[in-house]
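Within every chain, numbering begins at 1; the chains are lettered A, B, ... in the order of the sequence lines, protein sequences first and strands thereafter. As a basis for the values below, the full set of heavy atoms in this structure was taken, side chains included, without hydrogen atoms, waters or symmetry mates. Note that the structure is predicted; figures quoted are calculated from it, not measured.
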Number of protein chains: 2
Amino acid sequence: MTSVESTLALHLKNAGFSLTEPRLKVFKALQDDGPLSMQELYSRVSSINRTTVYRVIELFEELKIAQRVAKGWKYHLELTDDFIPHHHHFTCTNCHKTISFDEPKSFDVMLETVANHNGFLPTAHTLEIEGLCSDCRVLA
Amino acid sequence: MTSVESTLALHLKNAGFSLTEPRLKVFKALQDDGPLSMQELYSRVSSINRTTVYRVIELFEELKIAQRVAKGWKYHLELTDDFIPHHHHFTCTNCHKTISFDEPKSFDVMLETVANHNGFLPTAHTLEIEGLCSDCRVLA
DNA sequence: ATGAAAATTGCAACAAAGTTGCAAAAATCT
DNA sequence: AGATTTTTGCAACTTTGTTGCAATTTTCAT
């Protein structure tokens, strides 16, 4: 068992769940292949029943192991900040690849300003940028 | 015909489409009742066939009259910046209401910094914030 | 204004995405 | 090892979104 797997096992055990093959496979797919659509995820673990995949994701969301993040107007599945550092996404409108980037330092300040101004208490946020990636802007 | 309707008519005519009742009704629903889920939109224009609503939205997206924006892991339909000024959304995790807020001035600077640093050319972006609204943070 | 041509809508059937109940299989706990 | 609990897979179903085609509406030239 690798260190990541034992971290996963711990998260599950702490909440009273066991580390089963479907759960491990889904976790590994998300870890190795990054943000995935439900389709992509399902095709990568196709030995596992569709219902089970949905249920694993449901559980992972409850336990904050994985989360759904907006991609355009659909969504992607991704491990939470406990497993990969907090970041945002850029998606190329030409080649459709997704690039992750760190959150800018100035973001926090801005977020606080906005929150104060509107009276709300932020607990989570998403920032998604769309455009041409470095490769595609040369060609186009 | 009001001024907004004639603007809509113009958008459609310019692209070779006519202003029909289904198109006008969908437009008005989005204009009057803000960001709506497909369900909400459909129930507000229920005299119109479901297929037609989907086709109107498809057309509106092509002509940049309306757009889908991510809301959690579903999506909302909303008029584009041509009809309502550019803004972002805050969604309360308690009462689920959505509040629109203007884009902070510092956002542009931050966006440019990020873009330069990563070599991409941004053409669109979304910023969604989640948390407790001013009403709910008092109660909770 | 009227009729032919083109665009638009509604219907029905379908495809895809997501959910639920239940019995079989696997994991857990003495 | 055996009883108990949890987890999985299957089948049936609901919801969401799509497609082809005939009927209706709009457009445009006369």
Side-chain angles (χ1 to χ4, degrees), chain A residues 1 5-30 35-63 65-78, chain B residues 1 5-6 8-30 35-63 65-78 96:
Chain A
M1 201 186 265
E5 284 169 40
S6 56
T7 308
L8 173 63
L10 200 70
H11 271 250
L12 289 168
K13 289 277 157 58
N14 283 346
F17 299 96
S18 38
L19 176 54
T20 62
E21 200 184 297
R23 285 167 188 170
L24 182 57
K25 279 195 175 175
V26 166
F27 183 85
K28 277 187 171 168
L30 290 177
L36 297 173
S37 69
M38 191 57 94
Q39 272 191 43
E40 292 168 332
L41 174 61
Y42 178 57
S43 72
R44 273 174 182 69
V45 293
S46 53
S47 58
I48 297 158
N49 185 276
R50 198 158 46 100
T51 308
T52 303
V53 177
Y54 278 102
R55 283 195 279 227
V56 169
I57 289 300
E58 195 186 8
L59 180 68
F60 279 11
E61 283 192 286
E62 278 171 31
L63 302 186
I65 293 169
Q67 59 188 332
R68 303 187 201 211
V69 298
K71 151 132 185 174
W73 52 271
K74 303 217 171 153
Y75 67 87
H76 265 180
L77 300 159
E78 190 176 65
Chain B
M1 201 188 266
E5 286 168 39
S6 56
L8 173 63
L10 200 69
H11 271 250
L12 289 168
K13 289 276 157 57
N14 283 344
F17 299 96
S18 37
L19 176 55
T20 62
E21 200 184 297
R23 286 167 189 170
L24 182 57
K25 279 195 175 174
V26 166
F27 183 86
K28 276 187 171 166
L30 291 177
L36 297 173
S37 70
M38 191 58 93
Q39 272 191 45
E40 291 168 331
L41 173 61
Y42 178 56
S43 72
R44 272 174 182 71
V45 293
S46 52
S47 58
I48 297 159
N49 184 276
R50 197 159 47 99
T51 308
T52 303
V53 177
Y54 278 101
R55 283 195 279 228
V56 169
I57 289 299
E58 194 186 8
L59 180 68
F60 279 12
E61 283 192 286
E62 278 171 30
L63 302 186
I65 293 169
Q67 58 190 334
R68 303 186 205 210
V69 298
K71 151 133 183 173
W73 50 274
K74 303 217 170 155
Y75 67 88
H76 265 180
L77 300 158
E78 190 178 65
H96 300 287

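- If B/Glu58 and A/Thr52 are placed on DNA chain D by their nearest nucleotide, the residue sitting closer to the 5' end is A/Thr52.
- Here the C1' atom of nucleotide C/dA15 and the CZ atom of B/Arg50 are 12 Å apart, to the nearest Å.
- Annotation: B/Gln39, atom CD; neighbour count of heavy atoms from other residues, nucleotides and ligands within 6.0 Å does not exceed 12.
- Between A/His76 atom NE2 and C/dA17 atom C1' there is a gap of 16 Å when expressed in whole angstrom units.
- Once rounded to the nearest 0.5 Å, the distance linking NZ of B/Lys74 with OH of A/Tyr75 reads 9.5 Å.
- For the pair A/Tyr54 and A/Arg50, the minimum side-chain heavy-atom distance is below 4.5 Å.
- The nearest heavy atom of DNA chain C to B/Val53 and to A/Tyr54 marks one nucleotide each, and the one closer to the 5' end goes with B/Val53.
- Following rounding to the nearest Å, A/Leu19 (CG) and C/dA26 (C1') show an atom-to-atom distance of 13 Å.
- Checking side-chain atoms of B/Arg23 against main-chain N and O of B/Ser18 turns up a donor-acceptor pair under 3.5 Å.
- Residues B/Pro22 and B/Thr52 approach most closely at CB-CG2, 3.9 Å, considering heavy atoms.
- The CG-P distance, from A/Asn49 to C/dT19, rounds to 14 Å in whole Å.
- Taking 3.5 Å as the limit, the base of C/dG18 and the side chain of A/Arg55 contain no donor-acceptor pair of atoms between them.
- Here the P atom of nucleotide C/dA27 and the CZ atom of A/Phe17 are 17 Å apart, to the nearest Å.
- Atom OH of A/Tyr42 and atom C1' of C/dG18 are 12 Å apart (whole Å).
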Can you check side-chain contact (heavy atoms from CB on, under 4.5 Å) on A/Leu8 and A/Phe60, steps first, answer last?
-> CA-CA 10 Å; A/Leu8 173 63; A/Phe60 279 11; 4.3 Å; yes
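- When each of B/Glu21 and A/Trp73 is assigned the nucleotide of DNA chain D with its nearest heavy atom, A/Trp73 is the one assigned upstream, toward the 5' end.
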B/Ile65 vs B/Leu12, side-chain contact (heavy atoms from CB on, under 4.5 Å): CA-CA, chis, key distance, verdict = CA-CA 9 Å; B/Ile65 293 169; B/Leu12 289 168; 4.2 Å; yes
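- Nucleic acid contact class of B/Tyr75 (heavy atoms, under 4.0 Å, all strands): sugar-phosphate only.
- Bounding nucleotides for the chain B contact on DNA chain D, 5' to 3', at a heavy-atom distance below 4.0 Å, are D/dT16 to D/dT27.
- Map B/Ser47 and A/Lys13 each onto its nearest nucleotide of DNA chain C; the residue landing nearer the 5' end is B/Ser47.
- One can place NZ of A/Lys74 at 10 Å from C1' of C/dA17, the figure rounded to the nearest angstrom.
- Put simply, A/Thr51 has no side-chain N or O that comes within less than 4.0 Å of OP1 or OP2 on C/dT20.
- When the C1' atom of C/dT8 is taken as reference, atom CZ of B/Arg23 falls 6 Å away, rounded to whole Å.
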